[in-house]
Amino acid sequence: MVSHQERATTTISSYWTWWWEATRKKDLVNQAVLTILIAIFAILWYLWASLRARKRTAPLPPGPRGLPIVGYLPFLGSNLHHSFAELADIYGPIFKLWLGNRRCIVLSSPSLAKEVARDQDIIFANRDPPVAASITSYGRLNIVWSPYGSYWRNLRKLFVTEMLSDNILDRCYAHRRYEVRKTITNVYNKIGTPMDIGKLSFRTELNVMTRSMWGDTIEGQEESLTGVSFRELANEMIGLLGKPNISDFFPVLARFDIQGVEREMKKVFHFVDQIMDHIIEQKMKLNTEKEERASNNREEKDFLQVLLDVKEQEAAEKPITRTQIKALLVNILVGGTDTTATTTEWAMAEMMSNPEIMRKAQEELAESHLPKLKYMDSVMKETLRLHPAVPLLFPECPSESCTVGGYTVPKGTKVFVNVWAIHKDPKYRDNPSEFKPERFLTNPSRWDYGGNNFQYLPFGSGRRVCPGIPLAERMLIYLLASLLHSFDWQLITKGEDLDLSEQFGIVLKKRTPLIVLPTKRLPNSALYA
Ligand code: HEM
């Protein structure tokens, strides 16, 4: 029996012989016929192959149509995460829409979040910074906006090992303690006066962060330097980062800066940059003054000092420039303060609406110390479930076209993961709109912050998961526990229904600030000093 393969080989070789013969004998007719046949065959084969490939490519996800040029922008409400959740109810957990001339895809289920954050994490490890963020990151030189690659990896590693190791965080406890005690004394001195919890938390967390980063290098000097306090500048910067900007939806219009966001940010950032330079110079001056400073004594170093030491190591494998140091410091300040302050405000607001939960948390404080505050930990987890500080994470931008949930996601699409919607999906929890810390008490290891359980992602997941988790956890619990331990809190108008509505931005804020009245709780006034 002659096999198919043998038969095919015989056929090809007989054609080849014919072609060879025709060429040898210079039989031009046969030669031309053959060439045309081969060309036709090649074209047909190419068409057939590309048709098959096209058939195999998955379709784009479904989604609303929108208008020419502006896309779906005019139909979205001010709370983008709510609008996306409503569209997911209609089109399913993966849908596509155009925002201006940017194609966007929104994912709203744990399994889809897993596909991008774990199964295809390298493709989705890139981000697309808004114009304002490009300015505050000195052109993508910080951790959050730098492209995925060795620069990002080294910077993140430096941050995690030099600022976030358990050892260093425990050492920084003194800074947290100092700043939180300062806040408690201030509140005590103003007892009976209404307090804005968001502002109070922001001031405290900002001071904790700056103290951990550069100690008291410029304490009180920044205002005389720029005429504005660092707190006001940080606030303005965060406001501008969260402002919807036409330039981000229509990159071709970016150079016109129609809303002036870029101009405004450059103005604010000029002052921030000045302060950063001043801090670095002061630090370097202090170092030369204290020549015999125990430079090898890691115990004494703050984060800026560690970075300056890396900069000075000329032979360092991965040297760092002054601009990169500034980019990193600003990143940590912006990323670490508003998120923690806003979460503290939400936790207080939810507890003010649920006095029984507040009572249980205060009771636990009377009995246990910080590391053992299981109920308080559940309050924080539940707060971040209902009000995740970054509800759509930072949009990812796939580096190549790929398939997610059976649909094509083209390269360069903006991909949002609606964590807020996942957290409130009744498929995964009972009464999802109810504030109920008890749901985190049973099986707490199932609900860690590390992004391993795709039903709960307040800090994101995958390669670009928030590296600040250990610091955030400590800052959140310590401040909240201190406020509850030292004071009782009342709403200004007794029996008023607290407004718990949200305002979307780079951080998910409470629409109306939480203003409450503190009263003394501890028996001994000396405990407030
Ligand atoms: C309540 C507190 C916080 C929340 C809810 C939060 C949330 C997040 C989220 C959702 C991301 C994006 C993750 C992703 O895309 O998968 C992120 C990234 C980041 N966060 Fe946080 N964060 C908090 C506190 C902090 C703190 C205290 C710091 C620093 C001290 C910090 C520094 C960063 C940085 C540097 C990134 C960028 C990581 C990267 O791109 O590799 N965050 N955070």
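Both ligands and their constituent atoms are indexed starting at 1 by order of listing.
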Side chain proximity check, Leu60 to Val409, heavy atoms < 4.5 angstrom = no
Within residues 131-144 or reaching into it, pairs that qualify as salt bridge (charged side-chain N to carboxylate O under 4.0 Å, His left out) - sequence neighbours excluded = none
For ligand 1, which atoms sit closer than 4.0 Å to a heavy atom of Thr343?
-> 1 (C)
is_close_aromatic(Tyr428, Tyr456), centroid dist under 6.0 Å | no
Determine whether the side chain, the backbone, both or neither of Ile143 has a heavy atom under 4.0 Å from any heavy atom of ligand 1.
-> both
Which residue and heavy atom of the protein sit nearest atom 13 (C) of ligand 1, plus the separation = Arg464 O, 3.2 Å
Sort out for me which residue in Thr321, Asp277, Asn142 forms a side-chain hydrogen bond (donor to acceptor under 3.5 Å, both in side chains) with Lys326.
-> Asp277
Protein N, O or S atoms under 2.8 Å from atom 21 (Fe) of ligand 1 = 1
Test of ring centre spacing under 6.0 Å for Tyr148 and Phe124 | no
Qualifying residues under side-chain hydrogen bond (donor to acceptor under 3.5 Å, both in side chains), relative to Tyr449, sequence neighbours excluded = none
Pairs of donor and acceptor atoms involving the side chains of residues 379-405, under 3.5 Å and at least two apart or interchain, shall be tabulated with distances.
from, atom 1, to, atom 2, distance (Å)
Lys381, NZ, Asp377, OD2, 3.1
Glu382, OE1, Arg385, NE, 2.8
Glu382, OE1, Arg439, NE, 3.4
Glu382, OE2, Arg385, NH2, 3.0
Glu382, OE2, Lys436, N, 2.7
Glu382, OE2, Arg439, NE, 3.0
Thr383, OG1, Val379, O, 2.7
Arg385, NH1, His423, O, 3.0
Arg385, NH1, Pro432, O, 2.9
Arg385, NH2, Pro432, O, 2.9
Arg385, NH2, Glu434, O, 3.1
His387, ND1, Glu502, OE2, 3.2
His387, NE2, Glu350, OE2, 2.7
Ser401, OG, Lys411, N, 3.0

Under 4.0 Å between a Lys/Arg side-chain N and an Asp/Glu carboxylate O for Lys360 and Glu364?
-> no
Identify which of Phe159, Tyr148, Phe394, Phe303 has a heavy atom lying nearest to atom 12 (C) of ligand 1.
-> Phe394
Region of Met209 that comes within reach of ligand 1 [heavy atoms, distance under 4.0 Å] = side chain
Can you tell which part of Ser461 has a heavy atom less than 4.0 Å from ligand 1: side chain, backbone, both or neither?
-> backbone
Taking non-hydrogen atoms only, is Arg127 closer than 4.0 angstrom to ligand 1 via side chain, backbone, both or neither?
-> side chain
